[in-house]
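Data block below; observations after.
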Amino acid sequence: MVLMVLLPSLVFQVSANQIINKGFDVWFDVRVDTLLDKAMSLAQGFYADIEEDMELSLKQVIESHDFPELKPTPLGSLVLNQYMEKLLNKYGWGKLELFDASERLIATAQKAAQNQGLDDLKTQPVSDAGRLSIALGRYTIDHDIRDDGEYVIGYLPLFAQRRLVGLFRAEVALPAEITASARSIEADYRTYKELDRHRQGIQDTFMNTLMIVMILIVCVAGFFAVLFARRLTTPVEELATALEQVKAGDFDALVEVNSGDELGSLAQSFNNMIERLKYNMQTLTETQSELTNALVNSRQRQYVLENLLANLHSGVILLDASGEIRLMNHTCKELLMLPEKGEQKVSIYDFSETHLKTMLSFFETLQTQNLENLQNELELTYGLQTVKILARGTLLGSEEDVFSGWLLVFDDVTQLADAQKHRAWAEVAQRLAHEIKNPLTPIKLSTERVKRRFRDQVDNVDVFDTCTDAVINQVERLQRLLADFSNLATLPQPNMETVSISSLLQELRELYSPYPNLTFEGMPEGEVFCDADQIRQVLINLIDNALATQAHVRVYVEVTDKDTRFYVQDGGSGIDESAKEHIFEPYFSTKSEGSGLGLAIAQRISEEHHGQLLLLSAAAPTRFCMWIPHMQASDVKGG
């Protein structure tokens with residue numbers, strides 16, 4: 001129906017527009033436009049010819065051999081006035097004026113004319129074109145319109161020894177009749193163009209008026225068409241309205257059946273459908289309510305479980321029957337040193353990293369042996385960090401149950417194991433010190449007294465001195481050993497403070513300056529939070545052990561975002577594989593005179609600083625590393 005109304009109106013509008021366009025093309029002939037363009041070009045050519053004549057005259061003045069030499073001739077002299085009269089008569093100028101460098105009039109030459117008044121003798125100021133001529137050092141042409149007519153003006157600067165001394169201004173008055181005709185042509189041309197511009201506006205006015213009339217006709221026709229169509233569409237609209245109510249959730253929206261035709265049959269079918277839909281929705285609502293209550297209870301239990309696991313200090317992993325990870329808390333990720341970013345673990349078999357192989361082996365043992373419970377102590381090494389973990393696994397459910405799998409629980413027992421080890425060695429050290437310390441001093445004093453009293457009475461003095469010195473030296477060695485025992489048993493708490501890394505290394509460099517085979521590489525900037533005396537003790541112990549190899553020794557430091565690492569490397573023969581596993585145990589030493597407590601005390605100091613002392617390379621070159629995490633005073637107090 002819309003097309004039936006719009007198509008005739010569109011044809012009528014297009015035809016009317018074509019008629020209006022043709023009429024305006026006849027009114028505004030192209031030949032009139034061309035004629036006015038030619039007249040305008042002719043007037044502009046007249047002005048251009050006059051300006052070219054002036055330009056040519058100025059060129060001839062410059063190129064003439066009698067152009068005045070201004071060195072000996074002052075401005076305003078009789079010779080210059082005669083020269084100006086000559087130029088005025090030769091080139092037919094109406095007036096020739098001479099200005100000095102300050103734009104003040106010096107001399108004037110002018111032809112006499114009829115009806116010449118006093119106003120004609122007035123001097124016009126130098127225009128912008130004259131100043132441009134001075135700036136460029138060459139002639140310029142200007143066009144000036146005055147009350148008494150139009151003039152073409154030429155400016156020519158005068159120089160003496162490259163210095164401006166004057167400015168010529170030549171004027172030619174244009175014929176009044178010709179200029180009046182030229183201005184008349186220009187005015188007519190502008191008037192025609194203005195009419196031509198309004199031509200489009202008039203044309204648009206006609207077209208817009210015609211379009212408004214057409215729109216009114218279309219609206220009236222459409223109004224009557226809608227009135228007729230509503231008689232047929234009212235039943236359909238009632239069905240659509242009822243359908244919208246049903247979509248909104250109102251299942252009581254029924255349609256009245258007013259006829260027995262196809263529309264009445266459609267309305268009856270719609271009412272039957274709504275009744276069945278209402279019954280189904282009631283059933284679904286009841287089922288949804290039951291599911292919602294069950295879901296709320298499940299979410300509450302899940303929320304409690306998640307909060308419990310999040311605040312639990314133990315790591316927890318829940319696995320299904322196939323080994324897929326169903327749940328893993330944040331503490332477990334920290335204990336297993338899993339990366340925060342990157343690929344997430346979805347199965348226990350994804351634990352392919354080197355430091356997690358013991359974890360995978362623990363689970364495979366629990367799975368393959370069909371054990372209901374399993375508990376083992378595992379050791380994970382990741383980079384420079386070693387963690388001891390107590391792992392416990394439990395079988396959940398069976399194949400017939402709704403859920404079957406395994407629950408793995410991990411606890412960090414590193415500090416507990418270290419504390420137990422240190423406590424055991426401390427007790428051993430205290431007992432040894434107590435048992436050995438008391439008789440050492442009397443033995444040493446008695447030996448020294450025997451040496452002083454009976455040295456002159458023995459037959460063989462050398463043998464006597466050798467024996468007594470051996471007793472005294474061994475007693476002193478035992479006293480030093482007891483001092484080491486005491487340090488291991490009663491190591492004081494570190495006095496933590498901020499220490500400059502470069503200052504710490506500089507002190508060691510000055511201490512070991514007599515050793516040419518010791519090299520300190522670099523002095524990194526930065527600070528470390530530690531007990532400077534204890535860290536210095538660890539480094540001195542490592543350096544002394546390295547110097548004992550008589551090989552070249554390197555000491556260097558690496559500062560990372562998380563920790564500071566001190567390296568001591570020597571080029572000696574290395575450490576045997578059999579001794580590698582026991583190198584940090586108390587009373588174990590590869591040197592005949594060593595107490596075996598130096599590296600144990602160094603390891604204890606590193607752990608007190610929340611770091612670790614590691615043997616990175618046992619084979620040559622041997623390399624030890626002590627790493628200390630970046631901490632602040634607040635971290636230590638909080639810990």
Distance col, row Leu390:CG vs Phe410:CZ, nearest 0.5 angstrom, shows 10.0 Å
For Leu505 and Gly522, which heavy atoms make the closest approach, and how far apart are they? CD1-O, 4.1 Å
At their closest point, which heavy atom of Asp563 faces which heavy atom of Thr560, and how far apart are they? OD1-OG1, 2.7 Å
Set of residues satisfying side chain to side chain contact (heavy atoms under 4.5 Å, CB included) with respect to Ser503, sequence neighbours excluded: Ser500
So Phe363 and Leu319, do their side chains get closer than 4.5 Å, heavy atoms only? yes
Show your working on side-chain contact (heavy atoms from CB on, under 4.5 Å) between Met626 and Leu539 and close with a plain yes or no. CA-CA 9 Å; Met626 177 183 63; Leu539 294 176; 4.1 Å; yes
Leu508 and Val555, any side-chain heavy atoms less than 4.5 Å apart: no
Would you call Leu408 and Phe362 a side-chain contact if the rule is heavy atoms closer than 4.5 Å? yes
For Asp533, all residues meeting salt bridge (Lys or Arg N to Asp or Glu O under 4.0 Å), sequence neighbours excluded: Arg536
Using side-chain heavy atoms (C-beta onward) and a distance below 4.5 Å, is Phe566 in contact with Leu542? no
Can you confirm whether Met523 sits close enough to Gln506 that some side-chain heavy atom of one is under 4.5 Å from a side-chain heavy atom of the other? yes
Considering residues at least two apart in sequence or located in another chain, which fulfil the side chain to side chain donor-acceptor pair (under 3.5 Å) criterion with Thr622? none
Where is the tightest heavy-atom contact between Ala546 and Val568, given as atom of each residue plus distance? CB-CG1, 4.1 Å
I'd like to check the side chain to side chain donor-acceptor pair (under 3.5 Å) partners of Thr394; sequence neighbours left out, ordered by chain and number. Asn373
Just jot down the salt bridge (Lys or Arg N to Asp or Glu O under 4.0 Å) partners of Lys278, sequence neighbours excluded, or say none. Asp252
Can you check whether Glu364's main-chain N or O pairs, donor with acceptor, with Thr368's side chain at less than 3.5 Å? yes
Between Ile317 and Leu327, is the side-chain contact (heavy atoms from CB on, under 4.5 Å) condition met? List the steps. CA-CA 6 Å; Ile317 298 181; Leu327 179 65; over 6 Å; no
If you compare all heavy atoms of Ala532 against all heavy atoms of Val499, which two are closest, and at what distance to 0.1 Å? CB-CG2, 3.9 Å
Mind checking what makes side chain to side chain contact (heavy atoms under 4.5 Å, CB included) contact with Ile274, not counting sequence neighbours? Val246, Leu254, Phe270
Partners meeting side chain to side chain contact (heavy atoms under 4.5 Å, CB included) with Pro629 (sequence neighbours left out): His610, Trp627, Met631
Check whether any side-chain heavy atom of Val559 lies under 4.5 Å from a side-chain heavy atom of His630, and answer yes or no. yes
Where do Tyr512 and Leu547 land on the side-chain contact (heavy atoms from CB on, under 4.5 Å) test, with the steps shown first? CA-CA 10 Å; Tyr512 287 96; Leu547 290 174; 3.7 Å; yes
The side-chain contact (heavy atoms from CB on, under 4.5 Å) partner of Arg623 among Leu616, Leu614, Asp570, Leu615 is Leu616
Residue list, side chain to side chain donor-acceptor pair (under 3.5 Å) with Asn495, at least two apart or on another chain: none
Results of side chain to side chain contact (heavy atoms under 4.5 Å, CB included) for Gln288 - residues two or more places apart only: Thr292
Does any pair with a residue in residues 533-553 pass ring-ring contact (aromatic ring centres under 6.0 Å, His included), and if so which ones, sequence neighbours excluded? none
Keeping to residues at least two apart or across chains, list the salt bridge (Lys or Arg N to Asp or Glu O under 4.0 Å) pairs with something in residues 517-526. Glu521-Arg554
Once you measure the plane-to-plane angle for Tyr556 and Tyr567, does it fall in the parallel (<30°), tilted (30-60°) or perpendicular (>60°) bin? parallel
Return the set of residues passing side chain to side chain donor-acceptor pair (under 3.5 Å) with Gln282 (not counting sequence neighbours), or none when no residue passes. none
What is the minimum heavy-atom distance between Asp531 and His609, and which atoms define it? N-NE2, 3.0 Å
Distance-only, no hydrogens or angles: does the Asn541 side chain make a donor-acceptor pair with backbone N or O of Gln537 under 3.5 Å? no
Here the pair of heavy atoms bringing Gly571 nearest to Pro621 is CA-CB, 4.4 Å
Report yes if the side chains of Ser606 and Gln603 come closer than 4.5 Å at any heavy-atom pair, otherwise no. yes
Pairwise side-chain contact, Ile501 with Thr564, heavy-atom cut-off 4.5 Å (strictly under): yes
